[in-house]
Amino acid sequence: MMKNCSDIEPFMAGLLKRNPGESEFHNAVQEVASDVIPFINENEQYQGECLLERLTEPDRIISFRVSWKDDLGNVRANRAWRVQFSNAIGPYKGGMRFHETVSQSVLKFLGFEQIFKNSLTGLPMGGGKGGSNFNPKGKSDDEVMRFCQSLMTELHRYIGPDTDIPAGDIGVGAREIGYLFGQYRRLSNTFTGAMTGKGLAFGGSIGRKEATGYGAVYFMREMLKTKDETIEGKTAVVSGSGNVALYCIEKIIQLGGKPLTASDSGGFIHDPEGIDKEKLEWLKDLKEVRRGRISEYAEEFGCEFHEGTPWGIKADLAFPCATQNELNESDAKTLINNGLLALAEGANMPCEPEAQHLLRNSVLYAPGKASNAGGVAVSGLEQSQNSLRISWSLIEVDERLQTIMAGIHEKCSRYGKLDDGKIDYVKGANIGGFVKVGDALRQCGVV
Ligand code: NDP
């Protein structure tokens with residue numbers, strides 16, 4: 001039985017007992033609870049309703065087998081999930097991840113974070129997440145298609161434009177969304193906005209592909225403004241070379257900054273001259289079309305390739321855009337000692353808790369639920385366009401994205417302002433995200 005807790009220790013002890021072995025989920029909840037429990041204690045209207053206890057228990061988790069045949073005719077089986085975490089403020093919304101490390105714990109942490117992130121955007125979207133331990137790397141297009149079709153054959157019963165709207169995430173890009181949506185359309189015999197991140201030819205939004213990376217840089221711009229600083233002339237260390245990282249790099253270049261690194265699971269490249277527009281186009285082709293490795297960049301442009309992560313490279317700004325727990329305490333110390341000014345998370349929970357603690361107290365530090373919300377925000381705009389059966393221009397979408405990112409920054413500043421005038425963006429994002437969801441829960445009865 002869950003009881004109302006006004007203390008973090010018993011609250012976390014109960015959560016750990018109910019969710020054994022789910023370390024990613026524990027970390028995500030601990031971070032939110034350590035800000036939200038004191039807030040509830042100070043605000044009577046949120047007390048006595050078990051709000052955080054209810055919010056840490058998913059509405060439901062659907063777990064299922066995905067059987068498919070590889071190109072050699074072997075039958076293969078994977079496991080897939082959809083975690084429908086909370087629809088308190090809108091239909092469940094969150095990406096699908098295909099990666100060998102996907103587990104229920106990872107998807108619960110991502111789904112939980114998504115509740116607060118989606119709330120921060122101001123759009124009516126609940127929190128959800130899904131995925132499979134399927135690894136698309138090295139698979140042929142036909143294999144990926146058969147896997148996606150098999151997965152959607154099960155998943156289609158649980159999603160829909162007013163129920164749950166999946167999108168992409170690690171390992172789920174334009175190709176996978178196309179196959180998933182195609183099968184959804186066939187099975188449901190409807191053409192609705194039941195998925196986002198769709199291709200432009202079949203209901204996708206202009207600017208969705210760019211949105212998470214661009215949004216992270218827009219959020220960074222807002223943080224820097226508070227110190228009368230700009231992106232122009234600043235060096236940046238970026239990890240990843242997937243959807244988020246590529247468009248983060250693009251926006252840094254457009255705003256006059258100098259991205260020095262990019263990475264994948266094999267290692268990172270360090271280009272002291274900076275990744276410029278032409279090199280980025282080459283990199284996009286490498287990653288989005290040829291599905292090559294980042295080491296090929298070093299061969300093409302004659303710079304260094306190293307194994308590991310890029311956090312040892314001196315830079316003014318940092319954008320971790322690859323995956324969770326990719327930046328540890330020692331990396332954080334190195335970045336700070338090298339004069340880091342600000343860090344905005346493009347990935348979800350890329351900084352380990354000890355690293356986050358250090359960064360939060362030393363530099364401008366934006367947690368992913370605030371700084372990477374641009375992707376889901378434009379997914380929300382894609383839903384609106386689908387419902388209205390219209391398409392907005394890139395200028396319209398980008399203007400809305402900039403407004404939404406500035407709005408998230410404003411909420412973080414409002415709820416995260418400390419007595420000394422500094423902004424704790426983690427606190428601001430946690431409380432700013434919680435308030436709307438908490439209000440909705442309070443007003444809708446005990447459900
Ligand atoms: P992609 O699959 O497009 O790219 C992921 C990148 O990270 C690749 O370069 C990949 O390298 C690297 N990577 C993945 N796992 C590891 C690992 N264990 N160690 C080192 N590198 C790794 O994913 P996205 O760019 O879409 O997502 C990146 C992050 O951003 C994730 O945390 C995701 O949840 C988050 N995010 C994404 C959004 C979106 O709109 N796409 C929205 C909000 C957050 P390799 O190819 O070698 O595996």
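Start at 1 with the first residue, then count along the sequence. Read the numbers this way: they start at 1 and go in the same order the structure lists the ligands and their atoms.
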Note: ligand 1 atoms sitting under 4.0 Å from heavy atoms of Asp169 are 26 (O), 33 (C), 34 (O), 36 (N), 37 (C)
Nearest heavy atom to atom 21 (N) of ligand 1, choosing from Ser265, Ser241, Gly213, Ser263, belongs to Ser265
Original post:
Is the shortest distance from a heavy atom of Ala245 to ligand 1 less than 4.0 Å?
Top reply: no
Heavy-atom proximity to atom 17 (C) of ligand 1 ranks first, among Asn243, Asn135, Thr323, for Thr323
Note: Cys321, heavy atoms under 4.0 Å from ligand 1, region reported as backbone
Which of Thr235, Leu343, Leu224, Ile252 passes side chain to side chain contact (heavy atoms under 4.5 Å, CB included) with Leu317? Answer is Leu224
**Asked** In terms of side-chain geometry, is the basic nitrogen of Arg293 or Glu296 positioned less than 4.0 Å from the acidic oxygen of its partner?
**Response** no
Original post:
Within 45° of the six-membered ring axis of Trp392 and under 6.0 Å from that ring's centre, is NZ or CZ of Arg208 located there?
Top reply: no
Ligand 1 atoms nearer than 4.0 angstrom to some heavy atom of His99 are 15 (N)
Handout entry: Verdict with supporting geometry, Tyr179 and Gln149, side chain to side chain donor-acceptor pair (under 3.5 Å)
Key = CA-CA 7 Å; Tyr179 295 150; Gln149 291 180 339; over 6 Å; no
Below the 3.5 angstrom mark, is there an N/O of Val244, backbone or side chain, next to an N/O of ligand 1? yes
With nothing but distance in play, are any N or O atoms of Lys287 less than 3.5 Å from an N or O of ligand 1? no
In this structure, atom 4 (O) of ligand 1 is nearest to the protein heavy atom Gly242 CA, 3.3 Å
*Side chains of Gln402 and Asp398: do they bring a donor and an acceptor to under 3.5 Å?*
yes
At under 4.0 Å between heavy atoms, what of Arg208 touches ligand 1? The answer is side chain
### Message
For Lys209, is there an ion pair with Glu250 - N to carboxylate O distance below 4.0 angstrom?
### Response
no
| message | Using a 6.0 Å cut-off, check whether atom CZ of Arg157 has over 12 heavy atoms from anything other than its own residue. | response | yes
Original post:
Between Asp35 and Lys369, is the closest basic N to carboxylate O distance under 4.0 Å?
Top reply: no
Atom 5 (C) of ligand 1: of Ala373, Gly95, Ala322, the nearest heavy atom sits on Ala322
| query | Are Arg293 and ligand 1 in contact, using a heavy-atom cut-off of under 4.0 Å? | reply | yes
Exercise for review: Tell me, please: is Gly171 in heavy-atom contact with ligand 1, that is, under 4.0 Å?
Suggested key: yes
Judged by heavy atoms only, the candidate from Asp264, Thr212, Thr196, Val378 nearest atom 42 (C) of ligand 1 is Thr212
Side-chain ion pair, Arg146 and Asp71, N-O less than 4.0 Å
yes
Judged by heavy atoms only, the candidate from Asn348, Ile170, Leu110, Asn325 nearest atom 36 (N) of ligand 1 is Asn348
